[in-house]
Amino acid sequence: MPDLGPRSDALATGAEAQAGVNPGGESQAGAATPGGAEASAATGPVADSGPPAGETAGASSAAAGGAAGRSAGDGDSAIQAVWREFRERPEQRLRERLVLHYAPLVKYVAGRVGTGLPTHVDVSDLIQSGIFGLIDAIEKFEPERGLRFETYAMQRIRGAILDDLRSQDWVPRVVRSRAREVERALERLGGRLRRTPTDTEVAAELGISLDELRDLYSQLQLTSVVALEDLMAAGRESGSLVDTLPDDDAIDPVAVLVDRDNRRQLAEAIAQLTERDRIVVSLYYFERLTLAEIGRVLGVTESRVSQLHTRAVLRLRARLTEQAGV
């Protein structure tokens, strides 16, 4: 990869925006095609109130086609001039113009490569990898070979994307290759036998022993990784794994409301007790004093405090039962 200097990040960001990636990293709507990378045709209707409607439509079409042709031709001439100047002086500003001009190629290739990949692979990530492939293609393109740049660049972009995907894969390429061999063998045997083949038949088809096949199966377990999110969402139109997992630390709003209401009712019931009963309840349940300690505070015996406590509890229970029945 050539050294693009301190402006390489800004260049890649601008190219991603040109290719259809917004700052949030999501791919914008609309498919890019290789033709869009070559030139953009600007057309406009030509109004003429004089001739009949049929002639007007024909003239408008012809004028629009001529304008499109001139625009495309001007675009080709301009980009060819940039190419000639870039080959003479490979300056940063010229490289930037070429990258931004051919950026739609990256989105097109990324969309093609992304077809069939797992759902967790984001197309915007593929576009970011493809941008560096486009920059590399601009640096290494040799027009004297007679090859169109679009054709050459698409190969380099695709290669950069695939290289980045392989670098993120935790499964060795050899294991991936063996997995495809087993899949093809199962398809061939299933087509011939009209049933699910046994391990012995699969081993014979691959030309290996049964023990080797079982060892291969144990290696292929690494390739059989399924996202838990996909398993939980199977058979449902919408929903995510987060919606199905309980949060043990979450506060139940219903429980909070019930507790708040119970406290309010208890406070109202205590307020209706006599002063001595309120003191006994307060000292026993809130100050954590024993019956003997409460007796010394009130100047009565412990047995008398026990009677006051029992009377206060009965009155509270009756009051709360009355409120619950309302």
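What you are looking at is a predicted structure, and each value in this text was computed from that prediction instead of being measured. Starting from 1, each residue takes its place in the sequence as its number.
From Ile131, atom CD1 reaches atom CD1 of Ile135 across 7.0 Å, with rounding to the nearest 0.5 Å. Between the CD1 atom of Ile161 and the CG atom of Asp164 there is a distance of 8.5 Å, given to the nearest 0.5 Å. Expressed to the nearest 0.5 Å, how far CD of Glu293 lies from CG of Leu291 amounts to 9.5 Å. Once rounded to the nearest 0.5 Å, the distance linking OG1 of Thr321 with CG of Leu316 reads 10.5 Å. Atoms CG and CG, on Leu210 and Leu216 in that order, are 11.5 Å from each other to the nearest 0.5 Å. To the nearest 0.5 angstrom, Ser282 atom OG is 12.5 Å from Asp277 atom CG.
No more than 12 heavy atoms of other residues, nucleotides or ligands sit less than 6.0 Å from atom CZ of Arg260. Residue-environment remark: CZ (Arg112) stays at or below the threshold of 12 foreign heavy atoms within 6.0 Å.
The pair Arg93-Glu96 fails the salt-bridge criterion, with no side-chain N (NZ, NE, NH1 or NH2) lying under 4.0 Å from an Asp/Glu carboxylate O. We find that Arg178 and Glu181 are joined by a salt bridge, their nearest charged nitrogen and carboxylate oxygen being less than 4.0 Å apart. A salt bridge links Glu85 with Arg89: the distance from a Lys NZ or Arg NE/NH1/NH2 to an Asp or Glu carboxylate oxygen falls below 4.0 Å.
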Q: Decide side chain to side chain contact (heavy atoms under 4.5 Å, CB included) for Thr274 and Arg315; before the verdict, give the C-alpha distance in whole Å, the side-chain angles of both, and the deciding distance to 0.1 Å.
A: CA-CA 10 Å; Thr274 62; Arg315 288 178 176 178; 3.5 Å; yes
(Q) Working note: Lys140 + Arg156, criterion side chain to side chain contact (heavy atoms under 4.5 Å, CB included); need CA distance, chi angles, decisive distance, verdict. (A) CA-CA 10 Å; Lys140 298 180 179 179; Arg156 303 292 300 187; 3.5 Å; yes
Q: Go through the steps for Glu205 and Arg192 under the test salt bridge (Lys or Arg N to Asp or Glu O under 4.0 Å), then give the verdict.
A: CA-CA 12 Å; Glu205 180 72 16; Arg192 289 201 306 262; 2.8 Å; yes
Q) What's the verdict on side chain to side chain contact (heavy atoms under 4.5 Å, CB included) for Leu126 and Leu165, showing C-alpha distance, side-chain angles and the deciding distance? A) CA-CA 8 Å; Leu126 304 183; Leu165 288 174; 3.8 Å; yes
(Q) salt bridge (Lys or Arg N to Asp or Glu O under 4.0 Å) for Glu187 and Arg184? Distances and angles first, verdict last. (A) CA-CA 5 Å; Glu187 292 177 359; Arg184 287 193 291 265; over 6 Å; no
Q: Applying salt bridge (Lys or Arg N to Asp or Glu O under 4.0 Å), run through Arg264 and Glu268 and close with a yes or a no.
A: CA-CA 6 Å; Arg264 179 187 59 79; Glu268 292 177 355; 3.1 Å; yes
Q. Could you go step by step and tell me if Ile294 and His309 meet the side chain to side chain contact (heavy atoms under 4.5 Å, CB included) rule?
A. CA-CA 10 Å; Ile294 296 174; His309 173 263; over 6 Å; no
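A donor-acceptor pair shorter than 3.5 Å cannot be found between the side chains of Gln155 and Arg158. Ser209 and Asp211 form no side-chain donor-acceptor contact under 3.5 Å, judged by distance and modelled atom types alone. No hydrogens or angles considered: nothing links the side chains of Thr200 and Thr198 as a donor-acceptor pair under 3.5 Å.
At least one side-chain heavy atom of Val300 sits less than 4.5 Å from a side-chain heavy atom of Arg276. Counting only heavy atoms from C-beta outward, the side chains of Tyr217 and Val182 approach each other to under 4.5 Å. Taking the side chain as every heavy atom from C-beta outward, Arg319 and Gln265 never approach each other to under 4.5 Å. Taking 4.5 Å as the limit, every side-chain heavy atom of Tyr285 sits out of range of all side-chain heavy atoms of Val280. Within the 4.5 Å cutoff, side-chain heavy atoms of Arg195 are placed close to those of Glu201. The shortest distance between side-chain heavy atoms of Ile138 and Phe86 falls below 4.5 Å.
Scanning both residues, Ala312 and Leu273, for their nearest heavy atoms gives O-CD2, 4.2 Å. Nearest heavy-atom pair across Ala203 and Leu213 is N-CD2, 3.8 Å. When all heavy atoms of Ala160 and Gly133 are compared, the closest pair comes out as CB-CA, 3.6 Å. Pairing each heavy atom of Leu206 with each of Ala185, the nearest pair is CD2-CB, 3.7 Å. The two residues Ile127 and Val106 come nearest to each other via the heavy atoms O-CG1, 3.4 Å.
In terms of the side-chain contact (heavy atoms from CB on, under 4.5 Å) criterion, residue partners of Val297 (sequence neighbours excluded) are, by chain and number, Leu283.
Using cut-offs of 30° and 60° for the angle between ring planes, the Phe141 and Phe149 rings count as perpendicular.
A side-chain donor-acceptor contact under 3.5 Å links Ser129 to the backbone of Asp125.
Hydrophobic clustering (side-chain heavy atoms under 4.5 Å, transitive across Ile, Leu, Val, Met, Phe, Trp, Tyr) groups Tyr284 together with Phe286. Residues Val258 and Ile251 do not share a hydrophobic cluster, defined by chaining ILVMFWY side chains whose heavy atoms lie under 4.5 Å apart.
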